[in-house]
Each structure stands twice: as C-alpha cells, then as structure tokens.
Amino acid sequence: MVSKKILKRSETHITGFDDLICGGFPLGSTVLLNGNPGSGKTIFSLQYLVNGAIFNKEKGIYFSFEEKRESLVLQASQFGWDLDDLEKKGLIKIISFGTSFLDKYSSEEIIEIINSFKANRVVIDSITTLSFLVNAQDGVLSEYEVNRYLYGFITKFKTLVGVNFLLISQKGGLGSNAAEFICDGLLNIETESLGGSYSRNLTIKKMRSTKNDDNLHPLEISENGIKLHSFM
C-alpha cells in the first residue's frame, strides 16, 4: 500500500480562513490577492507576515512598489502589530522600491534578497503598480507584452522551494490576467456599499494542490485584523 503524502502548509492564522483551505496555503505556492482599493488587501498581507513571524517564527518580506515603509508601519500599528520590533528581531523586512525599481533592481535581485534573508513568506505589492512601471519605462506596451513580462517575473519566483508568495493586484488591473493564470491560488475580495457602510466578501477562486471552500465569506476588519465569517 502506498502511504499518503502529508502536504506541508503555510498557516495564515487569520480567523476563519485556514479552515477554508484545509489548514493553510500549500507550502511553496504563489497566491494572487485581487480586490478594489480599500478592500483590505494590504491588511490581509501584513497579517499573513506578522502571524507567520509570531506563531511560526517564520521570516517574511514585504516588497512594496507603491506604499512607503512608514505608511505600512503605521497601518500595522492600528492592529497592534509592531513591525519595527519584528524587524529588529530579524523576522520581518519591509522594502519600499517606489518608482525606482526598474532602474535599480530585477527579479533576480529580489530573489537574492529573499535567499539572503532566508524568507519563508513574501508579499509583492502590487502586480498592478509593477505593470504600470513597466509601461512607463518602455512606453505604451500592448496587453500581451505586459502579460509576458509578468509571466516571466512570477515564474522566476516559483523556482524558490518552500517559499510562499502573496501577490497583490487591483481587480481587473493591468497584468492581472497573466497573474491569475500562472498563480497557484486566487483570492477575490469584493466590496459593496450598503446604506453608507461597506461590506466585504472573500471568495477563493482556486487553490492548487488542496481542496478549498469556494463559497462567499463575509470579511470583517476588526481591531485585531481580518476575520472571515460564514453565512451558514
């Protein structure tokens, strides 16, 4: 009898989420997090890194192409997450590229940073902004050319063994088609205006190598971070 291989996972420790994917992201997977501005993408991603550092002692890197480091530190502090302290402990690294990325760095250099830090969890924020930077540098590119660039960019990350990537994307944004195709997982956060307030829902569109709940789940941004609920 062939023994069943146990799938290693990267737990998010986000309330209500890991149960939807049988205990966490499959180890080594690349997941795209889609959503409109203000939907909670950055909070989800920061929480994934912080929880990994606190609960699993796993190292995480947050690469940002749009938000400054100070902004991310401030945003995290609203939920009681001390990124400065975690950085001092060598568990988290925040790197803000800004618009200078394409002039100074490449995907190979990002991989060198990941390997040097020995990161287990990596956030790329965002694929949409990276696509605009590529366009701005090389002139107006066709959708095919942008998608081809992103395909190659993400493919190189998938060569890293045991590293989980969370890629942020604005829903329907430039380059999202290529990212949705190549990534192992796809999470969508929807926002709806209801009587002047906003409700958020998360759907797992796909997750390779594991079963997943593909139902709509209410997403709450609480004082302690994101929580997932069920309609049942």
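No experiment lies behind these values; they were computed from the predicted model shown.
- Annotation: side chain of T30 is in contact with side chain of L167 (closest heavy-atom distance under 4.5 Å).
- At distances below 3.5 Å, at least one donor-acceptor pair connects side-chain atoms of T128 with backbone N or O atoms of Q170.
- Taking the salt bridge (Lys or Arg N to Asp or Glu O under 4.0 Å) definition, one finds that R148 meets it with nothing, sequence neighbours left out.
- Residues Y149 and Y144 keep their aromatic ring centres 6.0 Å or farther apart.
- Counting only heavy atoms from C-beta outward, the side chains of K205 and N34 never approach each other to under 4.5 Å.
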### Query
What's the verdict on salt bridge (Lys or Arg N to Asp or Glu O under 4.0 Å) for R69 and E87, showing C-alpha distance, side-chain angles and the deciding distance?
CA-CA 12 Å; R69 180 190 178 281; E87 279 195 300; 2.3 Å; yes
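- Side-chain N or O atoms of S10 include none that pairs as donor or acceptor with a backbone N or O of G24 at under 3.5 Å.
- In this structure, the separation between CD1 on I54 and CD on Q47 is 9.5 Å, given to the nearest 0.5 Å.
- Residue F63 forms a ring-ring contact (aromatic ring centres under 6.0 Å, His included) with just one option from F153, F117, F97, and that option is F97.
- Ion pairing between a basic and an acidic side chain is recognised when a charged N comes within 4.0 Å of a carboxylate O; K227 and E220 show no such pairing.
- Annotation for N201 and P218: closest pair OD1-CA, 3.4 Å, computed over non-hydrogen atoms.
- Results of the side-chain contact (heavy atoms from CB on, under 4.5 Å) test with Y62 over L83, L72, I124 single out L72 as the only residue that passes.
- R9 contributes no side-chain N or O that, together with a main-chain N or O of D18, makes up a donor-acceptor pair within less than 3.5 Å.
- No side-chain donor-acceptor contact under 3.5 Å links N51 and E11.
- Within a 6.0 Å radius of CD in E223, no more than 12 heavy atoms belonging to other residues, nucleotides or ligands are found.
- Taking all atoms of both residues into account, the shortest heavy-atom contact from G40 to R200 is N-NE, 4.4 Å.
- Around atom NZ of K59, more than 12 heavy atoms belonging to other residues, nucleotides or ligands sit under 6.0 Å away.
- Remark: the backbone N or O of G225 is paired with a side-chain donor or acceptor of S222 at under 3.5 angstrom.
- Ring orientation note: the planes of F55 and H13 are tilted relative to one another, at an angle of 30° to 60°.
- F165 is linked by a ring pair (Phe, Tyr, Trp, His ring centres under 6.0 Å) to F157, counting only residues two or more places apart in sequence or in another chain.
- A donor-acceptor pair under 3.5 Å is formed between the side chain of R208 and the backbone N or O of C183.
- For the residue pair E66 and S126, a side-chain donor N or O sits within less than 3.5 Å of a side-chain acceptor on the partner.
- D214 contributes no side-chain N or O that, together with a main-chain N or O of I204, makes up a donor-acceptor pair within less than 3.5 Å.
- Among all heavy-atom pairs drawn from I127 and A179, the shortest one is CG2-CB, 4.4 Å.
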### Query
Given the rule in the side-chain contact (heavy atoms from CB on, under 4.5 Å) test, do L187 and M207 qualify, once you have shown the distances and angles that lead to the verdict?
CA-CA 9 Å; L187 312 179; M207 192 65 61; 4.0 Å; yes
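- Looking at N36, its side chain never comes within 3.5 Å of a backbone N or O of E190 through a donor-acceptor pair.
- V146 and I168 are members of different hydrophobic clusters when ILVMFWY side chains are connected at heavy-atom separations under 4.5 Å.
- Residues T203 and N188 bring no donor and acceptor atom of their side chains to less than 3.5 Å of each other.
- Shown here for K41 and G35, the closest heavy-atom pair between the two residues is NZ-O, 3.2 Å.
- Atoms CG and CG, on L160 and N115 in that order, are 5.5 Å from each other to the nearest 0.5 Å.
- Of the possible donor and acceptor atoms, none in the side chain of N120 sits under 3.5 Å from a partner among the backbone N and O of E58.
- E67 CD to T129 OG1: the interatomic distance, rounded to the nearest 0.5 Å, is 9.5 Å.
- Linking Ile, Leu, Val, Met, Phe, Trp and Tyr residues whenever their side-chain heavy atoms come within less than 4.5 Å places I189 and L49 in a single cluster.
- When the side chains of ILVMFWY residues are joined at heavy-atom separations under 4.5 Å, either directly or via intervening members, L202 and Y48 end up in a single hydrophobic cluster.
- Around the NZ atom of K156, the shell of radius 6.0 Å holds more than 12 heavy atoms that belong to other residues, nucleotides or ligands.
- Among all heavy-atom pairs drawn from K158 and I182, the shortest one is NZ-O, 3.6 Å.
- No donor-acceptor distance shorter than 3.5 angstrom exists from the side chain of S29 to the backbone of F25, with no hydrogens or angles considered.
- Note that CZ of F44 is 4.0 Å distant from CZ of F17, once rounded to the nearest 0.5 Å.
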### Task
Evaluate side-chain contact (heavy atoms from CB on, under 4.5 Å) for V50 paired with L86, printing each intermediate quantity in order.
CA-CA 8 Å; V50 169; L86 291 172; 4.2 Å; yes
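- Tracing side-chain contacts under 4.5 Å through hydrophobic residues (I, L, V, M, F, W, Y), one reaches I154 starting from F181; they form part of the same cluster.
- Each of L20, I226, I43 was compared with I14 under the side-chain contact (heavy atoms from CB on, under 4.5 Å) criterion, and only I226 meets it.
- Residues D84 and K89 are not paired through a salt bridge, judged by the lack of any N-O separation under 4.0 Å between the basic side chain and the carboxylate.
- When hydrophobic clusters are built by joining Ile, Leu, Val, Met, Phe, Trp and Tyr residues whose side-chain heavy atoms come closer than 4.5 Å, directly or via intermediates, L166 is not grouped with I113.
- Between atom CG of residue L33 and atom OG1 of residue T42 there is a gap of 8.5 Å, rounded to the nearest 0.5 Å.
- Atom NZ of K206 has more than 12 neighbouring heavy atoms from other residues, nucleotides or ligands inside a 6.0 Å radius.
- Here NZ of K211 is found 15.0 Å from CD1 of I21. Values are rounded to the nearest 0.5 Å.
- Residues I221 and L219 form a side-chain contact, since some pair of their non-hydrogen atoms from C-beta on lies under 4.5 Å apart.
- Nearest heavy-atom pair, G28 versus D184, reported as atom, atom and distance to 0.1 Å: O-OD2, 4.3 Å.
- Between the side chains of E192 and S199, no donor-acceptor pair is found at a separation under 3.5 Å.
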